[in-house]
Student: 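Sharing a structure with you now.
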Amino acid sequence: MADTEQTHTVADDLADERLIRVQGLSGLVHMTWNRLRSGELGSLPVVVGLVVISILFYAMEPRFLSSRSLVSITQFAAPIGIIALGIVLVLLLGQIDLSVGSVSGLAAAGMAVLVVRHGYSELVGIMAALTVGLLIGAVYAVLHNRLGVPSFVFSLAGLLGFQGLLLYVLGRQGTINLPSGSFLVEFTRFKFVTGLTSYVLVLAVVAVFLATQLWGIRTRTRAGLSAPGQGAVLIKVGLLAVGLLVLTWYVNLDRGWSYLWLFFVFLVVVMDLLLRRTRWGRHVFAVGGNEEAARRSGVKVGRIYFTVFASCSMLAAVGGLLAAGLQTSVSQASGTTDTNLTAIAAAVIGGTSLFGGRGSAYSAMLGIIVLQAIQSGLNMVGVDSSVRFMVTGGVLLLAVAIDSVSRRARSSSGRG
Amino acid sequence: MSAIATPLAREPVLSLRGVNKRFGAVQALTDVHIDVAAGEVVALVGDNGAGKSTLVKVIAGVYQPDSGDIRFSGINVTVGGPGEAQALGIATVFQDLALCDNLDVVANLFLGREDLAGGLLNEVKMEKEAWRLLRTLSAKIPSVRIPIAALSGGQRQTVAIARSLVGDPKVVMLDEPTAALGVAQTAEVLNMIERLREHGLGVILISHNMADVQAVADRIVVLRLGRNAAEFRVEEATTDQLVAAITGASDNVVAARAERRRTDGAEAQLEEGNSDG
């Protein structure tokens, strides 16, 4: 056969004559343009949005892009970002969890009551909060898998019910202040990576990234498959290194990277790895894309729903704990409607589809940065929170509109 | 009229005897038998409600028969579920293909049977294996890294058939594989079925399309009202005989229609000849 001869010169996966060969930099640019035109927008709209927002606020108030401002934006974005990370998982299955805010508040309140009123150690409090998250997720999974209740309904019930439970747990006083030496307060408010440590960290990240990229190229070429050129990889790594170093230098002018933000980024990277490189992640996407097909292929669909609902509620609990640390208190307002909707909006704005099966862990990060930037920008300019709600609503609408339009472009150009 | 085919030269790899299945008051299958040998394509035909789907689901392990024997490679087996059927070596390509549109070809081929290396997906090995499978089918898929949504109907059918080969099955069942396809794509799928036969697999092909059946099958098993109505070797069967076996009568709607068209055609020709002269 003709193609067996071809394989000696052409990699297995490029043997089809209909494939458009990408040659050189111009070819790469051309392919990227085609991909954008056919609706594979990826995270481009968010990044463009972020640039526009930065320029606008910078023009109105130059302090917006100061290193102090960037440090606090990242710091305050992290707790809700972690909640949004759970929302990304649920959205990937085509489900929704409206109760994450209430769950985060309830978990924080549970922790605070145990630690402050009953004198348990903070570790016990944190474990209890995580257990609360796990149990709520488990109940959701049972409601979904056994009874077939739509997630919109049971999480709406959870939104109301757990907010009530929050009020009940807090009791008459309403607000519980965390002790000043508490681990959560220290971790979220006062711990920063700066100076030499920060640069070493950046170099380590870049080195790991470079190593995995080169390893990927090596295994693919050995197996006779096409691999990206070393030049392209080096450019990518170089851009990452320069970008991270400049950002690190800039935030180091102030306090540096907060532990809280780095913890969030760590969770995002781990979640991305789980979603793209493990069997579990593959199955999450499969169930979100076509549940029946996944079931027939032997995917344990019920188990996937269980792990996703449980992870979402646990991440909500983690976010609630960190938010409590950042505010040094838990009050009746902890995790109310604002938290819920901000977390969901962040996941969607970041580019995770509401219709299931499309999205990435990074969308939680991008989305929450956009929302937090808008919030602190408006605060600096000195506008009322009424305007903030309206702007956030507009941005959310825009993000969903872009998602819908790109879906249409994808289906007309056959990219699903 | 049923020309019971000559006994098989080879030992059948899959053999069903006296299979009965009823749903409430409906006897869906009555004393049905079917054999498939390695390297043989058996077409299963019948009208709507003839019991084809029920029989397929019994073989695929979706339904349990009320009575009857299933022998696989000469051993009596019970197929307790779809998973057990796959483990035995019976693969089924369902009519709706059951692919995930948002996943790429490799991910779909190995869904539920992913290859792992150190806890992570072994993408390189799976991609390599994907190309090998597609090449054994001489399939034309431009890239295995594009989502299923970007493929044509024929290409999706190709992926579904390739996926059935992942576990090295002995028998592949195809439920209406050409129902939604164009002419060229149908030909490609038929080629693929022949390639399965060349690789020594037993193939059960369910189809409504007599032309496809006659083009590719070795034997044709006709079901009617849940019973074996007839069995033909493909070179012995004419379309008229098949239709008669499927509908259960020779003076049926289809035959009458064909007859009418033939006479109409003859008259038209006669008239044409007259006007010419």
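Just so it is clear, the model here is predicted, and its values are computed rather than measured. We name chains A, B, ... by the order of the sequence lines, and we start the count at 1 in each one.
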Student: Could you name the residues of residues 270-279 of chain A that have a heavy atom within less than 4.5 Å of a heavy atom in chain B?
Tutor: R276(A), R277(A), T278(A), R279(A)
Student: At what distance, to the nearest 0.5 angstrom, does OG of S297(A) lie from CD of E114(B)?
Tutor: 9.0 Å
Student: How close do L111(B) and R282(A) get, heavy atom to heavy atom, and via which atoms?
Tutor: CD1-CG, 4.4 Å
Student: Chain B: which of G216(A), G357(A), A293(A) shares the most heavy-atom pairs with it under 4.5 Å?
Tutor: A293(A)
Student: Under 4.5 Å heavy-atom distance to chain A, tell me which part of L116(B) shows up: side chain, backbone, both or neither.
Tutor: side chain
Student: Quick check on F23(B): does its CZ atom have over 12 non-hydrogen neighbours (other residues, nucleotides or ligands) under 6.0 Å away?
Tutor: yes
Student: So which residue, G281(A), A286(A), G288(A), A294(A), ends up with the most heavy-atom pairs under 4.5 Å with chain B?
Tutor: A286(A)
Student: With respect to chain B, which residue among K300(A), E292(A), E291(A), H283(A) yields the maximal number of heavy-atom pairs within a distance under 4.5 Å?
Tutor: H283(A)
Student: Taking every heavy-atom pair that is under 4.5 Å apart, which of A130(B), A98(B), G119(B), S152(B) has the most such pairs with chain A?
Tutor: A98(B)
Student: Which residues pass the ring-ring contact (aromatic ring centres under 6.0 Å, His included) test with F110(B), not counting sequence neighbours?
Tutor: none
Student: Give, as side chain, backbone, both or neither, the part of R163(B) having an atom under 4.5 angstrom from any heavy atom of chain A.
Tutor: side chain
Student: Just checking E84(B): does its CD atom have more than 12 heavy atoms from other residues, nucleotides or ligands closer to it than 6.0 angstrom?
Tutor: yes
Student: Report the distance from atom CZ of R358(A) to atom CG of D101(B), rounding to the nearest 0.5 Å.
Tutor: 10.5 Å
Student: For the CZ atom of F285(A) and the CG atom of L103(B), what is their distance to the nearest 0.5 Å?
Tutor: 8.0 Å
Student: For atom CZ of R303(A), decide whether the heavy atoms of other residues, nucleotides or ligands shown that lie under 6.0 angstrom number more than 12.
Tutor: no
